[in-house]
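The chains referred to below are lettered A, B, ... by the order of the sequence lines, with proteins before strands, and numbering in each begins at 1.
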Amino acid sequence: MCAGAVVMSAPTPTPQAHETHGASATVMSAPHPPPDPIAPALLSWREHSGRKDLPWQREPTPYRVWVSEIMLQQTQVAVVIPYFERFLARLPTVLDLAGIAEDELMALWSGLGYYARARHLHRAARQIRDQHGGIVPTQIESLLTLPGIGRSTAGAILSLALDQRHPILDGNVKRVLARVFGITGWPGQTAVSARLWTLAEQHTPETQVAAYNQGMMDLGATVCTRRAPACERCPLADRCVAHQTERQHELPTPRPRRPLPERRTLMLLIVDPAGEVLLQRRPGTGIWGGLWSLPELDPSADPSDWCLTRLGRLPRRVEMGLSRRHTFSHFQLMIDLAVVHLDAAATRAGDDPGLRWLGRQALADIGLPTPVKAILESHQQGLPQPSGDVQ
DNA sequence: AAACCGGGGTC
DNA sequence: GACCCAGGTTT
């Protein structure tokens, strides 16, 4: 099994003096225990309110904990349970997993989604068979070489199964720590993540590591939830920075909404002496699919050329209008505007089913993209009310 | 429709 | 190391 204390790059240079009993090899040292540890309150909360009879907790071997952790990364507990039971009935050991055909594995996984994670699990099992004699490694460095196992999952496996002292930092724990200690900034940022890992390390107790880590996850899942946390039931509320400052809802800081990509287009407001406007039908798919809109061209293109090509005549005058910005869910559209005056209605538009001249009233009756409507309104002091019945 | 998620991949 | 992605679900 897991013999001897395994001390590698621990922060303290002094060798571990305490040979602990059994499998609980001390791996991580805690040079600076926190002044106000959260473990006591958390552990006592877990005693009465934690989840303690989940299938993988009843016989928490590294293999079972590993499988459960991978499943739980993607799916909630209630859904995982039957999958987990079925998976372990069919593949009770890591060697069974290593030996199964990929197709059959996928069949077992089917319904859980995230098949890449199942393939990682499979590859890792084969690596364990080939390189570790079929025993799930019990040193964290070895676990970290396996596909699909990062620091948090490795810590979960070794702490929950063997009570080794490793921190975990899954989404639930991140939320609890960010709130209790008032850590601002998106946890995806390296610096923020580093602070959270440090806090996780510092507060991991020397004993009862499994109970502590499990308790942190339980707390995040059942009390310190993303929305509407139940602070009145939280064992850490009395010291929770977020609770005290009523910032639960803004911690942890959500991922910054990255600026939407910007696209640019040039719309042509082509008017004839009668005040009619030329519209162009948009392609059936994509933005504003099938709607009538203003003719569009690349901002670097020449509106006069366009008129000559599509309408058979050059405009009398072209002036640039005001550019405007329109925001979609997935990008921003900068709309440059060219106002084009034609000497006479270009009847050749009638040859082209994608083009159409419309007067003010007709424009008001047709469905137009919002920014197009705004452009038309700003250029003719408002469209008239739609004719006919309007609710 | 958008936020979320641990690990992996990329530059 | 910063950033982005895959590939699903939840709110």
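Of the possible polar contacts, none joining the A/Glu250 side chain to the A/Arg247 backbone as a donor-acceptor pair under 3.5 Å is found. The main-chain N or O of A/Ser323 is never found under 3.5 Å from a side-chain atom of A/Asp336 such that the two would form a donor-acceptor pair.
If A/Leu112 and A/Arg227 are placed on DNA chain C by their nearest nucleotide, the residue sitting closer to the 5' end is A/Leu112. In terms of position along DNA chain C, the nucleotide closest to A/Trp186 lies nearer the 5' end than the nucleotide closest to the other residue of the pair A/Trp186 and A/Gln76.
Salt-bridge formation is detected for the pair A/Asp36/A/Arg239: a Lys NZ or Arg NE/NH1/NH2 atom is positioned less than 4.0 Å from an Asp or Glu carboxylate oxygen.
One can place CE of A/Met71 at 16 Å from C1' of C/dT9, the figure rounded to the nearest angstrom.
Side-chain contact annotation: A/Gln189 with A/Thr253, donor-acceptor N/O pair under 3.5 Å absent.
Across all strands, A/Gln189 comes closer than 4.0 Å to no nucleic acid atom at all (heavy-atom distances).
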Identify every side-chain donor-acceptor pair in residues 94-110 of chain A under 3.5 Å, counting partners at least two apart or on other chains, and give the distances.
{"unit_1": "A/Asp96", "atom_1": "OD2", "unit_2": "A/Thr93", "atom_2": "N", "d": "3.0"}
{"unit_1": "A/Asp96", "atom_1": "OD2", "unit_2": "A/Thr93", "atom_2": "OG1", "d": "2.9"}
{"unit_1": "A/Glu102", "atom_1": "OE1", "unit_2": "A/His122", "atom_2": "ND1", "d": "3.4"}
{"unit_1": "A/Glu102", "atom_1": "OE2", "unit_2": "A/Arg119", "atom_2": "NE", "d": "3.3"}
{"unit_1": "A/Glu104", "atom_1": "OE1", "unit_2": "A/Arg90", "atom_2": "NH2", "d": "3.2"}
{"unit_1": "A/Glu104", "atom_1": "OE2", "unit_2": "A/Arg90", "atom_2": "NE", "d": "2.8"}
{"unit_1": "A/Glu104", "atom_1": "OE2", "unit_2": "A/Arg90", "atom_2": "NH2", "d": "2.8"}
{"unit_1": "A/Trp109", "atom_1": "NE1", "unit_2": "A/Gly113", "atom_2": "O", "d": "2.8"}

For this session: Any chance you could list the contact pattern along nucleotides 5-11 of chain B? Use B for base contacts, S for sugar-phosphate-only contacts and - for none, protein heavy atoms under 4.0 Å, 5' to 3'.
Result: SBSS---
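Relative orientation of the A/Phe181 and A/His203 rings is tilted, given thresholds of 30° and 60° on the angle between their planes.
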